[in-house]
Q: 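The structure's right below; bear with me while I get my questions together.
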Number of protein chains: 2
Amino acid sequence: MSTIAEVARLANVAKATASRALSGKGYVSEETRARVVSAARTIGYVVSPNAASLVTGRTKNVGVIIPYISRWFFAEVLESVEQALLEQGYDMTLYNLPQASPERDRVFEYFLARKRFDGVISVGVELSEAEVEHLHQLRRPLVGIGGPIRGVPTIAIDDVATARLATEHLLSLGHKEIVHIGGSQDEQMDFAVHSKRLIGFLAGMRAAEVPTSNCFYACELTVPGGYYLGRSVLGDPRRRPTAIFAASDEIAIGLIVAARELGILVPSELSVIGIDGHPHAEMFRLTTLEQHPRNQGRLAVNSLLANLEAPSPEDESASTILETNLVIRSSTSAPPAGLSQG
Amino acid sequence: MSTIAEVARLANVAKATASRALSGKGYVSEETRARVVSAARTIGYVVSPNAASLVTGRTKNVGVIIPYISRWFFAEVLESVEQALLEQGYDMTLYNLPQASPERDRVFEYFLARKRFDGVISVGVELSEAEVEHLHQLRRPLVGIGGPIRGVPTIAIDDVATARLATEHLLSLGHKEIVHIGGSQDEQMDFAVHSKRLIGFLAGMRAAEVPTSNCFYACELTVPGGYYLGRSVLGDPRRRPTAIFAASDEIAIGLIVAARELGILVPSELSVIGIDGHPHAEMFRLTTLEQHPRNQGRLAVNSLLANLEAPSPEDESASTILETNLVIRSSTSAPPAGLSQG
DNA sequence: CTGAAAGCGCTAACAC
DNA sequence: GTGTTAGCGCTTTCAG
């Protein structure tokens with residue numbers, strides 16, 4: 001409602017001075033500044049970022065694109081990103097991107113093209129060449145979370161190494177009958193995460209010279225996905241593994257529910273390890289590798305804002321690979337047969 | 001990058017004509033319009049909503065305030081709101097409001113005051129008088145989801161009636177030993193939802209003349225919350241109920257996990273009914289009352305945008321109470337003892 | 001240190 | 001139907 005002109009009038013200064021006093025840019029005497037600030041407070045003045053951005057080019061608004069809101073990992077990233085942005089005075093505009101679709105195209109061609117953002121954070125979205133091109137045309141800093149984007153700094157974990165680590169953990173306990181349950185290799189999405197985790201798993205198994213036939217099953221990356229697959233995989237005692245490496249904690253939780261229904265004790269008869277650090281891990285006796293979504297969110301925001309302050313030239317493709325910490329949230333077990341390894 | 005002036009030059013018209021052609025407001029000959037549109041496409045022109053909003057007062061941006069992102073109900077509302085807004089060409093700026101805190105104050109006093117929004121949707125947040133006042137001062141339409149806000153239209157379910165319905169469902173199956181597990185009455189938040197559900201529960205019980213001493217327990221509204229409480233409540237066979245009405249599906253799921261660990265069969269030995277319509281209900285044999293979060297989100301957006309088009313005078317406080325449908329997602333059972341009810 | 005003036009990109013009156 | 005003009009609220013030269 002109130003404009004800077006009113007503040008200026010009330011403080012008996014020019015608009016320019018009021019602007020300087022309020023924004024902190026440029027010289028203003030302490031006395032004048034105090035008068036302006038008090039005038040602003042009196043009439044409840046707040047700058048209009050719209051008007052300001054028209055002249056400065058800065059909007060104090062960051063766009064975030066994300067494929068899911070309700071999956072735990074994404075929700076955590078979102079919360080941390082929003083919080084970090086707010087602390088710096090930035091608004092967060094959210095786009096929940098569907099898979100390839102007309103609506104998705106519209107986000108890139110229309111919404112993101114409106115020059116509304118100082119920068120864009122892309123969370124766990126595999127972008128097409130055309131989409132990356134659209135984003136680069138904005139000439140605004142861009143940060144990815146979850147996987148590489150051409151010419152864009154990225155925060156990510158090393159999926160292959162993480163999967164291998166999880167596998168090695170189970171192997172070190174003496175397990176030989178290990179199964180990996182992850183996303184479908186056909187419906188490859190995100191950053192081929194499904195493949196990478198499978199690759200890491202297989203690498204770990206092969207290094208330990210454990211046979212790997214029939215030891216991979218695919219399902220949806222959700223609790224019910226893991227549950228229904230678990231009922232079928234664990235239902236057959238002949239091919240029942242002693243340990244499972246699940247590609248996400250959601251799958252792992254579903255598997256554990258299925259196992260319990262079948263009377264299989266977790267973890268004594270079946271060890272399960274997942275990836276994420278889900279808050280339900282403890283109650284399900286789930287071992288999990290922490291992915292620290294909140295850290296990833298904060299790192300992304302910091303990186304983006306740093307780039308905004310001091311635009312770096314062309315080393316933009318530098319990516320940050322996070323270290324994964326093996327956190328034993330609960331007791332994984334040695335296999336029932338008690339085979340010792342090495 | 002490109003401005004409407006360039007489009008105008010390329011199409012050999014004045015800026016105003018280009019504006020009319022592109023926005024569809026005002027008379028433009030079909031021929032001219034085509035020329036302008038093609039010119040715009042050639043140079044990849046997209047209007048700057050910032051500049052436009054400076055003169056029109058409209059921003060094509062809606063602010064959403066919400067207390068949680070990762071809880072299923074809220075995530076669903078958020079997804080549906082975002083989708084509905086996008087369809088209408090609106091951006092969604094998200095504020096994840098913490099409980100009363102300096103950060104929260106800042107959202108109301110600073111972020112929401114920046115005149116950046118055409119309207120605001122408040123999801124499941126109990127607002128203080130001061131906060132409502134701040135919102136009203138924006139002179140922008142405002143819609144609430146989840147509970148009443150003074151002078152604001154609201155989308156909500158009838159919590160008392162819903163709780164009573166759930167209770168009556170259990171009573172009708174013949175249960176007498178029914179317990180209600182909900183949010184703490186001390187940490188009252190949201191819209192006294194905890195109280196309302198307790199009230200509805202007690203009303204149902206009393207109408208059926210079933211005693212209600214020691215039949216309410218409080219916990220956090222999460223899966224672990226329900227789980228840990230369940231371990232203690234169900235661990236004592238002497239006071240074990242035959243049915244539980246949980247204030248949320250998350251609590252209910254946690255309870256079921258605890259029950260299963262204790263060897264209690266669900267639903268044959270213990271019936272559990274929750275509220276929400278959570279996607280995990282089926283795999284946990286959970287009966288649930290649907291709350292239809294996506295519908296609530298869409299209704300809120302429709303109501304808000306309708307108000308934007310044609311601002312209604314002062315009947316703003318009209319609220320929409322959604323009907324709750326009793327959806328039996330899986331089999332609730334009669335109590336083990338098989339007492340039949342008149 | 002402060003003021004006057006120009007202009008960011010756009011739309012809304014008002015002429016023609 | 002279309003062009004001209006003014007101005008939304010702000011920051012930023014450029015004088016003083």
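Within every chain, numbering begins at 1; the chains are lettered A, B, ... in the order of the sequence lines, protein sequences first and strands thereafter. Note that this is a predicted model, so its numbers are computed, not measured. Values below: all heavy atoms of this structure, side chains included; hydrogens, waters and symmetry mates excluded.
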Q: How do A/Ala5 and B/Asn12 order along DNA chain D: which one's closest nucleotide is nearer the 5' end?
A: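 Mapping each residue to its closest nucleotide by heavy atoms, the 5'-most match is B/Asn12.
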Q: Can you tell me how far C1' of C/dC10 sits from NZ of B/Lys25, to the nearest Å?
A: 13 Å
Q: State, with a plain yes or no, whether a side-chain heavy atom of B/Phe111 is found less than 4.5 Å away from one of A/Asp91.
A: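 Contact flag for B/Phe111/A/Asp91 side chains = yes.
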Q: Could you tell me the separation between the CZ atom of B/Arg9 and the P atom of C/dG9, rounded to a whole number of Å?
A: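 Nearest whole value for this atom pair: 12 Å.
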Q: Tell me the interatomic distance from A/Glu6, atom CD, to D/dC8, atom C1', rounded to whole angstroms.
A: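 Going from A/Glu6 (CD) to D/dC8 (C1'), I get 14 Å.
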Q: State, without any angle test, whether A/Thr32 and A/Ser29 hold a side-chain donor-acceptor pair at a distance under 3.5 Å.
A: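 Per modelled atom types, A/Thr32 and A/Ser29 side chains form a pair under 3.5 Å.
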Q: With sugar-phosphate meaning primed atoms plus P, OP1 and OP2, does A/Lys15 contact a base, only sugar-phosphate, or nothing at under 4.0 Å between heavy atoms?
A: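 Base contact - A/Lys15 has a heavy atom under 4.0 Å of at least one base atom.
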Q: How many whole angstroms separate atom CG of B/Leu22 from atom P of C/dC10?
A: 9 Å
Q: Using a cut-off of 4.0 Å on non-hydrogen atoms, how would the nucleic acid contact of B/Ala16 be classed: base, sugar-phosphate, or nothing?
A: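 Base: the residue B/Ala16, judged by heavy atoms under 4.0 Å, touches a nucleobase.
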Q: By nearest atom, which of the nucleotides C/dA12, D/dC10, C/dT2 is closest to the B/Val55 side chain?
A: C/dA12
Q: Rounded to whole angstrom units, what separation is found between the CZ atom of A/Arg20 and the C1' atom of D/dC14?
A: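 Rounded to the whole Å, the gap is 11 Å.
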Q: Can you tell if the side chain of A/Gln296 reaches within under 4.5 Å of the side chain of A/Ile157, non-hydrogen atoms only?
A: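 Touching, per the 4.5 Å side-chain cut-off.
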Q: Can you work out whether B/Ala14 or A/Thr17 has the more 5'-proximal nearest nucleotide on DNA chain D?
A: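 Final value for this comparison: B/Ala14.
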Q: When you measure from the side-chain N and O atoms of B/Ser48 to the phosphate of C/dC10, is any distance below 4.0 Å, counting only OP1 and OP2?
A: no
Q: Looking at A/Ser19, I'd like to know whether one of its side-chain N or O atoms comes within less than 4.0 Å of OP1 or OP2 on D/dC10.
A: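 False: A/Ser19 side-chain N/O out of range (4.0 Å or more) of D/dC10 OP1/OP2.
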Q: Specify the separation, in whole Å, of atom CG of B/Asn50 and atom P of C/dG9.
A: 11 Å
Q: Please report, rounded to the nearest Å, how far the C1' atom of D/dC10 is from the NZ atom of B/Lys115.
A: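 After rounding, the reported distance stands at 10 Å.
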Q: Can you figure out which of C/dT2, C/dT11, D/dT11 approaches the side chain of B/Ile4 most closely?
A: C/dT11
Q: Under 3.5 Å, is there a donor-acceptor pair between the side chain of A/Arg106 and the main chain of B/Leu86?
A: yes
Q: Using a strict 4.0 Å threshold on nitrogen-to-oxygen distance, state whether A/Arg150 and A/Glu133 make a salt bridge.
A: yes
Q: Salt bridge or not between B/Arg298 and B/Glu87? Use side-chain N to carboxylate O under 4.0 Å.
A: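 Yes, charged N to carboxylate O under 4.0 Å.
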Q: Is there a donor-acceptor pair under 3.5 Å between the side chain of B/Thr154 and the backbone N or O of B/Val152?
A: yes
Q: Atom OH of A/Tyr27 and atom C1' of D/dT13: how far apart are they, to the nearest Å?
A: 15 Å
Q: Mind running a 4.0 Å heavy-atom check of residues 29-47 of chain A against DNA chain D and sending the residues that fall below it, in number order?
A: A/Tyr45, A/Val47
Q: Between A/Leu54 and B/Thr56, name the one whose nearest nucleotide on DNA chain C is closer to the 5' end.
A: A/Leu54
